[in-house]
There are 4 protein chains.
Amino acid sequence: MNISSAGDGETSTSPESGHARRRSRSDRVVLDATRELLGESGFGSLTVEGVAARAGVAKTTIYRRYRSKTDLALAVLLDMLEDVSTQPYVEDTTTELIALVNKTVKLMSTTVLGRIMKGLVSEVAADPELAHVYRERVVSQRVADVTVLLERGIARGELRAGLDPEMVTDLLLGPIYYRFFLSGAPMDDDFGKRLVVTLLPAFTA
Amino acid sequence: MNISSAGDGETSTSPESGHARRRSRSDRVVLDATRELLGESGFGSLTVEGVAARAGVAKTTIYRRYRSKTDLALAVLLDMLEDVSTQPYVEDTTTELIALVNKTVKLMSTTVLGRIMKGLVSEVAADPELAHVYRERVVSQRVADVTVLLERGIARGELRAGLDPEMVTDLLLGPIYYRFFLSGAPMDDDFGKRLVVTLLPAFTA
Amino acid sequence: MNISSAGDGETSTSPESGHARRRSRSDRVVLDATRELLGESGFGSLTVEGVAARAGVAKTTIYRRYRSKTDLALAVLLDMLEDVSTQPYVEDTTTELIALVNKTVKLMSTTVLGRIMKGLVSEVAADPELAHVYRERVVSQRVADVTVLLERGIARGELRAGLDPEMVTDLLLGPIYYRFFLSGAPMDDDFGKRLVVTLLPAFTA
Amino acid sequence: MNISSAGDGETSTSPESGHARRRSRSDRVVLDATRELLGESGFGSLTVEGVAARAGVAKTTIYRRYRSKTDLALAVLLDMLEDVSTQPYVEDTTTELIALVNKTVKLMSTTVLGRIMKGLVSEVAADPELAHVYRERVVSQRVADVTVLLERGIARGELRAGLDPEMVTDLLLGPIYYRFFLSGAPMDDDFGKRLVVTLLPAFTA
DNA sequence: GACTAAGCGAGACGGTACGTCGCGTCTTAAA
DNA sequence: TTTAAGACGCGACGTACCGTCTCGCTTAGTC
């Protein structure tokens, strides 16, 4: 399943307009420039002026679409998530859980998404409007993914019933973000497996 | 056990110089002003000029001690943590775990620490030097707390042996921070209990 | 003959671009504010921030045009000199010389130009770029004035041939500036006459 | 004849205390450091802190003696002038006049005195107290020199009677300072001769 | 096919805060 | 008592970006 939609300027305020509006050339070039700059120097040194220069676009054009650099970064994030399909793995539940964790770890640590998240987390935490969009688009999607996974696991008899999908999501992703943002503890190839194996008794018993 | 010491200028870069240097009057007044302003408007609108004005101190005096507003906020955070003793609870392990979670939730949602953390998380995530101090002072302390708790639990026969304290810490705090920073899901009075009860099978089996 | 043109930002570095660029509203208001402040407190206490405040303009706007307060003061000076036409006097040469001296004395001692010059002289003396502009615009103009005056005097048979206009300028203005800047000796209404009468034998013999 | 005296802190405010007070080691080391720094970077970049550092002396020590960097530079200037004896040349008056001009030119263009004067001229021009000292110590000395020279010339029958020594001083030094500070016109080896030869008819006729 | 109106580039502008410099004052400790 | 050392309040510096605002100049879309 995909994050289904746009992430243009308006979207960050008004959720969705039914059918995906075509993104214009300007939109594209601005988002690309932003992603490049985020990749090069991170969110902290992202400036609207810098994006305008890189994109060969006037500042006005950017402000017409995005209210702030935060909004812009969020748009890039949502734009990138469009392409991240959350394939339902048809294997056993343990493997699926490990895959979900590993995928998230990989996304954070190897793509520009990690830098964006590092920069955006404070903004999302502090700006209700931004938080709203982020939850609408990203958080709820994660919970939906986990819900599907849990239901399948229960159907297979691999998981116990009565699990709260939101809590499970917290338990799967919380440790990742905590390490990624704050503790700095490494997340090697083994991490996903260790996390899930540790958690498993909580999901099966 | 207490976070034992200060957040003076040097500390934020070099851990500790053996015997605690006395904090000067300026230090105190600056930290207080910063905490007040953080409480009033949050990290985002914290400015060094504002702190200087509020503290009745020259900007230079602040810059002499703290390299940036981030450093300043960190100092406030460490300063506040000095007073947060992590009482060893003598009850059963489940209760201790719940208390630990609840205390963290409470600290984040009712004190200025929450605002500081919201503002600081992006900085810690992006600035290695800051991250180093944060881990040295805060993260490691949390793991130490949990280690003590786990050992006592194992000794009592309430927990299984072989638990990785770091992973357990991630599982206890990760969900809290994830909700606090990103998902926005509420953490009511029941939250700690639900979290720990869910996790318990993973710690006992 | 007039000092023909402006003191806009560019001018202070590049002489002239053929046709006078229109001075914008900001230019005007900034120059006026600067002149006022120079008049009130002199060059020493002139600050860019003060000018910005007085002009109701952002500091950046000033820095966009002038690299420093020195540049700004120079612009005011050049701006004022636009209006100082060096009328060709049709009387006898002695009177013309006296008039030239008196006019300079008067300009220095009764207008804000004196304060500007007092503040600027050290800067012009020490900063080659500034010096270049000053010479291009002011010094050379004075020499040109004197040249015209000498030629007419020689044609009239009132002055000897072979006088070096530059040296004559030095002899007419040098004493003025020396008194004005350093010796502090008064320059009363009689001064011009005494100076010229003293010098005359050097110009006629 | 020599500029006869001290130039210590007090001097710049109260003229003279009768007999030259011995200059202390601190005085010496501060003045030397100042002169060095003036020689290296000019008056514009002279700072009290820099002098203190170079002299290995506390800022306080400097402020105890000199009220400002201007005062300090003036002290160096006066200190240097102590060693500049204005030898009475026993040759003919024309030669003496040329020598006087040449000596001044040389002093300005080859020693640190030039740099000091360039920096100080604006201060002297704008600060009455400073001006007072400068005139007391330097200007009046020049006039005195010229007076002696003129008297001898008149006695020899080489100069006309009735010359105003102050005006003559203006005519000899004014052009030098004008070129040195403002016009930038070169003063080659010939300059003194040309100036005096030009002026001579004004002094003899 | 010409005409208009929207969208855009360019960039000037008022503004906030930055982080730095050097000032001149003041306090502390050692000589 | 004088000093070196240096912290401090202070004012201004010059810079970076912000977000807003004209300005023409394309460039479609409509008549």
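Given the structure is predicted, the values throughout are model-derived calculations rather than measurements. Reminder, nothing fancy here: chain letters follow the sequence lines and each chain counts from 1.
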Task: Leu120(A), Val124(A), Val121(A) screened by side chain to side chain contact (heavy atoms under 4.5 Å, CB included) with Phe181(B), the one that passes - done: Val121(A)

Table of protein N/O atoms under 3.5 Å from nucleotides 23-28 of chain F N/O atoms:
none

TODO: For each nucleotide in nucleotides 22-31 of chain E, reading 5' to 3', give B when a protein heavy atom comes within less than 4.0 Å of its base, S when such contact involves only the sugar-phosphate, and - otherwise.
DONE: BBBBB-----

TODO: Could you tell me whether the phosphate oxygens of dC8(F), OP1 or OP2, come under 4.0 Å of any side-chain nitrogen or oxygen in Thr61(B)?
DONE: no

- [ ] Let me know which of Val30(C), Val76(C), Ile116(C) forms a side chain to side chain contact (heavy atoms under 4.5 Å, CB included) with Arg35(C).
- [x] Val76(C)

Open item on the list: Give me each pair satisfying salt bridge (charged side-chain N to carboxylate O under 4.0 Å, His left out) with a member in residues 112-122 of chain D, each pair once, sequence neighbours excluded.
Closed with: none

Open item on the list: Output the rounded distance in Å from CD1 (Ile62(A)) to P (dA10(E)).
Closed with: 12 Å

Anything under 3.5 Å between a donor and an acceptor, one on a side chain of residues 37-46 of chain A, the other on a protein residue two or more places apart or in another chain? List them.
residue, atom, partner, partner atom, Å
Glu40(A), OE1, Arg54(A), NH2, 2.8
Glu40(A), OE2, Arg54(A), NH1, 3.0
Glu40(A), OE2, Arg54(A), NH2, 3.3
Ser45(A), OG, Ser41(A), O, 2.9

TODO: Measure the distance from CG on Leu72(B) to P on dG19(E) and round it to the nearest whole Å.
DONE: 11 Å

Task: Carboxylate-amine/guanidinium contact Arg67(B) Asp127(B), below 4.0 Å - done: no

Task: Under the side-chain hydrogen bond (donor to acceptor under 3.5 Å, both in side chains) test, residues paired with Ser122(B) that sit two or more places apart - done: Ser122(A)

Task: Listed partners of Ala58(A) passing side chain to side chain contact (heavy atoms under 4.5 Å, CB included), at least two apart - done: Thr60(A), Thr61(A)

TODO: Report yes if the side chains of Leu31(D) and Arg28(D) come closer than 4.5 Å at any heavy-atom pair, otherwise no.
DONE: yes

